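Working notes for the structure below.
The structure presented is a predicted model; accordingly, all values stated were derived computationally and were not measured. As the structure lists them, so they are numbered: ligands from 1, and atoms in each ligand from 1.
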Amino acid sequence: MRYSIMFGKTRHDPPCDADSVNAKLLAQAGFVEKLAAGIYNYLPLGKRVLTKIEGIIREEMHSVGGQELLLPALHPVALWKKSGRDETMNDILYRTSASGNKEFVFGPSHEEAVTPLAAKYVQSYKDLPLSLYQIQSKFRDEPRAKSGVLRGREFGMKDMYSFHVSDEDLDKYYEEVMTAYSRVFDRCGLTAHVVEASGGAFSDKYSHEFSVETSAGEDTIIICKKCKSSQNLEVAEGNVVDPDGTDEKELSLEEIDIERGFSVSDNAEAHGVPEHKILKTVVYEVDGGGLLGVVIRGDLSVSGVKLENYIKKPLRPASPETLKKVSLIQGYISPVNMPDGVGISFIGDNSIKNIKNFVTGANAFGKDYKNANLGRDFVIDDFADLVEVSSGFECAKCGTSLTEIKAVEVGNIFKLGTKYSEAFGLNFTDSDGKSKPVVMGCYGIGTTRLAGTIVEASHDDKGIIWPMSVAPYHVHMLTLGNDDTSFAAAEKLSSELEEAGIEVLFDDRDERAGVKLNDADLIGIPVRVVVSKRSLENGGVEFKMRDSEDSDIVEIDEILEKVKNLITK
Ligand code: ATP
Ligand code: MG
C-alpha cells in the first residue's frame, strides 16, 4: 500500500479533547476519527487492526466449536420486556420507534435475539451442545463515554452463546472457553488477569473477567504476584496487617471535649494518634427500615458489596437528614454509650478485634472517648469480613503482600444457567424423554476496546508499538533523500514482499526524512525498512524493529526470509 494514496493520514498534534493515550495516538496516527463522544470512525489503518484482532478471535472461537452467525442490531422491544432487561438495562438502552407504533432497541447485548433463534432449531438433546457467536457493533448509552475507544457508545464486541443439556456440560465448556480467551489475549500481546467476579450484591451469577493492567483502566483489581491470583476489589479477600501495639494494656475510658474536623485524618491529628487507632462507625440505611452501624478501623474502608452480601438486603449510606432525625451526629457516632431508642444495630469488621485503646466519638458534638476497648466499653454482637482490601494486605492463601492495580476489562464470561431459556421457552427433550430448559453460557470480548488496550499497553513517547499479530501492516518501508535509485529499490522490494504475502506500507511521499521517520514511529508498524543511497552502498537496506533502538544493514535478498520468520514466530 502506498501511503500517499491511503485514506487517513497522521496529524501533527493529537486532538485537543483526547483524554487518554489510545485516544491521542490512534487519532494522531490516523487509525480512528471521533464523530461524537464514544462514537468513532475506523479509518483504513484502524480497520486493518480490527480485522486482525477479529481474525485471532475467530480462530480461537472455532477451536472451541463456535459457529459464526450475524444477529440483527435492532430488536423488537417485546423481546427485552420478556427477559426483563427492558427495565433493568433501561439506563443504557438506545430505543427507536418505527412506523405502525413499533418500538425497537439497539442491541447492547444479544441474549434476547439468540435465545428465541436457538429455540427454533433446538429440540432434542441430540442438537446440543451448541455454540454460536458473532462479531458486531453494540450500542450502549454510556453515561460517561471516555478513554478513547475503551468506553464507546457504539463499539465492537464478539459475543458467543453456548447451549447445553446440563450444568456439568456447561462447566466443562466454560473451562475450554476460558483457556481459548487466554490464548486470544496472549496472541494480542497482552497479559490478561483472570478475575473471579461475584457479580455484585446477592448475585448468584458466576462470571470471570479478563482484565489488562493499564493506568487508563476504570477497574481496580487486587493481585497476588505469588499465587498469580486476581480478585475484584469489591469482594477481594485478604488479611489485614495488624499494626504494632496490639499487646498494649487497656487504659481507663475517658470522655474529653475536643475541637476537630470530621474526617478520620482530622480526628487522628487532633488526638495525636495514628488513623488505625480511630474507631470508625459508618452508618447505613437498610432497605425495609433500620440503621446499621459498621464499626471498622479508621484507616480502613467498608466494602459495600461485601456488606450487602452479608446482610442480604440492599442498603445505602445513611443521609445527613436520617442521622439528624435520630439525633446522631456525623463524625461523632460510636457504639460506646449509644443512647437508647436510636434504633441502630452494630456489626464489626474483624479488623477491630486486635486494637486496644481506640479513640472514638461520644455521640455528642465536640465530645470524644479515649481508650475505648472492645468487650469492656462496647459490645459488638456480630463480626464479619467487611473490609475493602487494598495494597499491603496479605494474601489469604500465601501471606504475600497484595498489590492493587488499575485495569481494563477486555473480556467477560458468564454462566447464565436457565434465565434466558426459561424466559424464551428454549427447552429440549432429554434422553429420558423429559422436556428441560437449555443451560446457557455467554462470552464477550470487546474488539474495539481490545485495540485501544493494546495501544495503552504498548507505546512509547514516539507512538504506538503494535505486536506483529495485530499490526495494520508487517513492514513500513521508506526512503531517505528521495533519490531515484533508492525509490526504485524500495518500490521493487515492496512489490516482491507483497507478492510473497507480506503486508507493506510504503511511504512514497516526497517528504523530509525526519517527517517520514517520525510518522513510522507514530504509526507503530513492527518492522521498519529504510532504503537510502548509503544503505545500498553498504550492501542492503536498514532494518529496524519498532520496539528496539538498534538497526542493521540487511541484504535485500534476505529481507523476505527475515520478515517471514518474524510473522510466524
Ligand atoms: P464495563 O464494566 O467496562 O462497563 P461490562 O461489564 O458492562 O463492561 P459486558 O457486558 O461484560 O461489559 O461486555 C463484554 C465486553 O464488551 C466487555 O468485557 C468489554 O470488553 C466490552 N465493552 C463493554 N462495554 C463497552 C463499551 N462501552 N465500550 C467498549 N467496549 C465495551
Ligand atoms: Mg463485563
Side-chain angles (χ1 to χ4, degrees), residues 19-20 22-23 26 32 34-40 42 46 50 53-54 56-57 61 80 83 85 88-94 105-114 133-161 177-178 181-182 184-185 188 190 192-200 203 205-214 216-221 230 232-235 305 406-416 419-420 441-457:
D19 61 352
S20 55
N22 81 86
L26 286 172
V32 302
K34 188 160 108 180
L35 175 67
I39 306 175
Y40 284 85
Y42 284 80
L50 282 183
I53 289 174
E54 290 167 6
I56 292 172
I57 294 175
M61 295 308 105
W80 285 75
S83 69
R85 293 209 293 182
T88 56
M89 285 181 82
N90 177 47
D91 288 353
I92 57 126
L93 285 182
Y94 283 112
V105 160
F106 285 95
S109 180
H110 277 70
E111 286 81 354
E112 282 75 0
V114 80
Y133 80 94
Q134 63 168 346
I135 297 176
Q136 203 212 33
S137 294
K138 299 279 186 260
F139 301 86
R140 294 185 186 179
D141 190 0
E142 297 278 359
R144 288 166 302 118
K146 56 179 206 151
S147 308
V149 300
L150 296 188
R151 183 169 296 286
R153 294 200 161 114
E154 176 178 342
F155 59 93
M157 197 203 286
K158 182 284 303 178
D159 45 328
M160 183 160 82
Y161 305 89
V177 179
M178 207 146 148
Y181 263 47
S182 294
V184 167
F185 301 122
C188 289
L190 296 171
H193 297 276
V194 185
V195 188
E196 198 177 309
S198 89
S203 166
K205 216 164 52 175
Y206 187 82
S207 78
H208 285 89
E209 291 170 359
F210 292 77
S211 296
V212 173
E213 179 170 6
T214 158
E218 288 179 42
D219 303 339
T220 306
I221 58 173
S230 318
N232 197 310
L233 172 75
E234 289 177 332
V235 290
V305 175
K406 285 307 236 182
V408 60
E409 177 196 310
V410 284
N412 203 180
I413 61 177
F414 294 86
K415 291 185 184 176
L416 296 171
K419 175 175 164 109
Y420 293 95
C442 77
Y443 318 85
I445 293 181
T447 51
T448 45
R449 181 179 284 185
L450 197 48
T453 304
I454 295 168
V455 177
E456 294 289 341

I'd like to know if the side chain of Thr214 pairs up with that of Lys406 as donor and acceptor (distance under 3.5 Å, no hydrogens or angles considered).
no
Contact list for residues 442-455, test side-chain hydrogen bond (donor to acceptor under 3.5 Å, both in side chains), sequence neighbours left out
Ser162-Tyr443
Pairwise side-chain contact, Phe106 with Glu154, heavy-atom cut-off 4.5 Å (strictly under)
no
Within a strict 2.8 Å cut-off of the Mg ion (ligand 2), protein N/O/S atoms tallied 2
Test of understanding: with side chain to side chain contact (heavy atoms under 4.5 Å, CB included), list the residues that count as partners of Gln136, not counting sequence neighbours.
Leu70, Ala73, His110, Gln134, Lys138
Determine whether a donor-acceptor pair (N or O, by modelled atom type, separation under 3.5 Å) exists between the side chain of Asn412 and the backbone of Phe210.
no
Is there a donor-acceptor pair under 3.5 Å between the side chain of Asn22 and the backbone N or O of Val149?
yes
Residues with a heavy atom under 4.0 Å from ligand 1, by chain and number, are Arg140, Glu142, Leu150, Arg151, Gly152, Phe155, Met157, Glu409, Val410, Gly411, Asn412, Gly446, Arg449
Quick one: does Asp159's side chain have a donor or acceptor within less than 3.5 Å of a partner on Gly444's backbone?
no
Would you mind checking if Arg85 and Glu111 are paired as a salt bridge, meaning a charged N to carboxylate O distance below 4.0 Å?
yes
Tightest non-hydrogen contact, residues Asp141 and Arg153, listed as OD1-NE, 3.8 Å
